[in-house]
Amino acid sequence: MSATSKASWMVAASIGAVEALKDQGVCRWNYPLRSLQQHAKNNIRSYYQAKKLSAQSSSAISSKVNNEKLKQSEESLRKVMYLSCWGPN
């Protein structure tokens with residue numbers, strides 16, 4: 001067989017294989033696989049966003065608690081200063 005003959009048989013075999021796969025429905029799997037990939041990508045993104053938001057909210061809560069503690073300590077210091085300046089000597 002010559003090189004061109006081998007090449008033409010190779011092309012014919014490739015086209016036949018593709019057509020056989022189409023007939024078996026392999027090409028019909030393209031849409032469901034793409035859909036699953038897109039769904040997984042969206043869910044992973046939303047999972048990380050939820051995790052990020054929960055981390056931000058927990059830091060906001062902790063800063064709020066720290067602010068309350070700071071206000072309480074300032075108030076107690078203010079009482080001590082008031083009593084030491086104006087209280088009985």
Side-chain angles (χ1 to χ4, degrees):
M1 279 189 171
S2 68
T4 57
S5 175
K6 285 183 182 180
S8 63
W9 275 106
M10 192 75 108
V11 169
S14 298
I15 291 173
V18 168
E19 291 298 323
L21 289 173
K22 278 186 187 177
D23 292 341
Q24 290 179 2
V26 172
C27 292
R28 289 185 217 136
W29 282 96
N30 192 18
Y31 174 75
L33 289 176
R34 194 177 317 145
S35 175
L36 284 173
Q37 180 190 16
Q38 187 68 29
H39 181 70
K41 189 189 305 182
N42 290 340
N43 282 344
I44 289 172
R45 185 178 300 142
S46 65
Y47 168 74
Y48 283 120
Q49 285 175 347
K51 192 174 180 181
K52 186 177 177 182
L53 286 176
S54 69
Q56 288 175 350
S57 65
S58 66
S59 68
I61 290 171
S62 66
S63 69
K64 193 174 190 179
V65 168
N66 286 340
N67 285 342
E68 288 178 13
K69 286 183 180 180
L70 183 63
K71 286 180 183 180
Q72 285 177 347
S73 65
E74 285 179 4
E75 186 63 32
S76 65
L77 180 63
R78 190 172 295 127
K79 283 181 184 177
V80 168
M81 292 298 290
Y82 178 79
L83 291 176
S84 66
C85 291
W86 298 103
N89 291 333

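The chain is numbered in sequence order, starting from 1.
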What verdict does the salt bridge (charged side-chain N to carboxylate O under 4.0 Å, His left out) test give for Lys71 and Glu74, after you've listed the backbone C-alpha separation in whole Å, the side-chain angles of each residue and the deciding distance to 0.1 Å? CA-CA 5 Å; Lys71 286 180 183 180; Glu74 285 179 4; over 6 Å; no
For a side chain to side chain contact (heavy atoms under 4.5 Å, CB included) check, start with the C-alpha distance between Asn66 and Leu70, then their side-chain angles and the critical distance, and finish with the verdict. CA-CA 6 Å; Asn66 286 340; Leu70 183 63; over 6 Å; no
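The distance from atom OG of Ser35 to atom CD of Gln38, rounded to the nearest 0.5 Å, is 8.0 Å.
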